[in-house]
Amino acid sequence: MKTWRALSALVMVMCMCAGSALGAQRTLVVATDATFPPMEMVDRNKQIVGFDIDLLNAAAKEAGFKVEFKNTAWDGIFAGLPAGKYDAVISSVTITQERLKEYDFSEPYINAGQVLVVSKNLNVKSLAQMKGKKVGAQIGTTGAMEIKKAGIELKTYDEIGLAFADLAAGRIQGVVIDTPVAADYALQKAEYKNKLKIATEPFTQEQYGVVVKKGNKEVLDLLNKGIKAVKAKGIDKQLEKKWLK
Ligand code: ARG
């Protein structure tokens, strides 16, 4: 009887070890502010889709983990990391020296600078020429920082879509935003493409990375393993063709 019990206990332990070694992939909960087309957005079927979503899913497949996306407001999105609300943030987040002090970033996965969007009939070629005018950006973004740095009156918004609505209505005279998002709003959206234009070349160099809590090496290693494989296989370039026009 004793040996039988010992044996069955042994078999159970062996099964558990095999289970965790073979099956049971790690699931990372990842926050994204899905108001940023074509990078992250909610589609007609209420699914979170976009370049970042495809990129992270591809990285997960390469490195053998799973991802569960959590739509999260941008303002305060980083604070959810130390609070343990999720494991990572993918949300077109620019790697900056400021942010590196408080958080860790994955390898960069794309480069996207800021541009200025204005009304079609406004004749400006640079942000500096917006002196005396009001320019909008999403709160706490690199775009907002550029407007302040240029000494121009800044109006902040919780979501970039609200800034474009104000621009089209003439309540502000410009929007500073990441190039892919500018192209989506100003050149593609039916309600804006006849009204708005991109007035400048990208005037910053920005690399996007995935953000984790400082020191979370376990998650960072998984992310980097996946992102490296995605880049090595050229999947990132395929996704640029699919999402960025
Ligand atoms: N790249 C800019 C930044 O990091 C804007 C990112 C905003 N992302 C978003 N999903 N709303 O500040």
Side-chain angles (χ1 to χ4, degrees), residues 29-43 47-57 67 69-81 85-117 127 135-150 152 154-167 174-186 189 198 200-212 223 227 236 239-240 243-244:
V29 181
V30 179
T32 187
D33 168 29
T35 64
F36 217 59
M39 304 307 290
E40 43 267 337
M41 59 199 159
V42 176
D43 73 3
Q47 298 298 308
I48 302 176
V49 298
F51 177 95
D52 278 353
I53 311 306
D54 279 1
L55 182 109
L56 196 56
N57 279 329
V67 188
F69 291 98
K70 199 168 174 178
N71 201 353
T72 306
W74 171 260
D75 199 13
I77 200 167
F78 301 134
L81 290 168
K85 289 191 185 152
Y86 27 78
D87 301 300
V89 173
I90 189 163
S91 203
S92 307
V93 182
T94 304
I95 306 169
T96 67
Q97 289 311 316
E98 252 345 86
R99 290 172 181 163
L100 277 169
K101 285 183 203 153
E102 289 189 58
Y103 302 94
D104 284 343
F105 278 81
S106 72
E107 299 242 327
Y109 60 86
I110 197 173
N111 179 315
Q114 301 294 308
V115 290
L116 172 69
V117 178
L127 184 57
V135 179
Q138 188 176 27
I139 190 162
T141 57
T142 47
M145 289 163 212
E146 287 302 317
I147 299 168
K148 271 190 237 163
K149 217 169 70 190
I152 286 158
L154 164 69
K155 181 152 190 227
T156 58
Y157 297 84
D158 285 336
E159 292 175 16
I160 202 61
L162 302 172
F164 280 109
D166 262 11
L167 177 60
V175 168
V176 171
I177 185 66
D178 305 47
T179 310
V181 181
D184 192 277
Y185 271 96
K189 286 216 190 306
I198 298 177
T200 65
E201 292 290 312
F203 52 84
T204 59
Q205 286 276 335
E206 302 186 22
Q207 301 279 352
Y208 292 173
V210 186
V211 199
V212 300
L223 291 168
I227 291 170
D236 54 334
L239 292 178
E240 285 179 26
W243 290 104
L244 314 179

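Keep in mind that this is a model prediction, so the values were computed, not measured. When a ligand or atom number is given, it counts from 1 through the structure's own listing order.
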Gap between atom CG of D54 and atom CG of D236 - 0.5 Å precision: 12.0 Å

Polar atom proximity, Y208 to ligand 1 (N or O, under 3.5 Å): no

R99 and ligand 1 - part of the residue with a heavy-atom distance under 4.0 Å: side chain

Student check: side-chain heavy atoms of Y109 and L56 closer than 4.5 Å: no

Side chain proximity check, I53 to W243, heavy atoms < 4.5 angstrom: no

D158 atom CG, over 12 foreign heavy atoms within 6.0 Å: no

Protein heavy atom at shortest distance from atom 10 (N) of ligand 1: S91 OG, 2.8 Å

Those atoms of ligand 1 less than 4.0 Å from some heavy atom in V93: 4 (O)

Part of E159 within contact of ligand 1 (heavy atoms, under 4.0 Å): neither

Option from V212, V93, I227, I95 for which side chain to side chain contact (heavy atoms under 4.5 Å, CB included) with S106 holds: I227

Residue, atom name and distance, where the atom is the protein heavy atom closest to atom 5 (C) of ligand 1: D178 OD1, 3.5 Å

Geometric class of the F164/Y185 ring pair [parallel <30°, tilted 30-60°, perpendicular >60°]: parallel

Interfacing atoms of ligand 1 (cut-off 4.0 Å, heavy-atom, D33): 9 (C), 10 (N), 11 (N)

T141, any N or O under 3.5 Å of ligand 1 N or O: no

E40, portion touching ligand 1 at heavy-atom distance under 4.0 Å: side chain

Spacing of CG belonging to D33 relative to CD belonging to E40, to within rounding of 0.5 Å: 7.0 Å

Ligand 1 N/O within reach of Q138 N/O, cut-off under 3.5 Å: yes

Nearest neighbour in protein (non-hydrogen) for atom 6 (C) of ligand 1: S92 O, 3.3 Å

pair Q114-D178: side-chain heavy atoms closer than 4.5 Å: yes

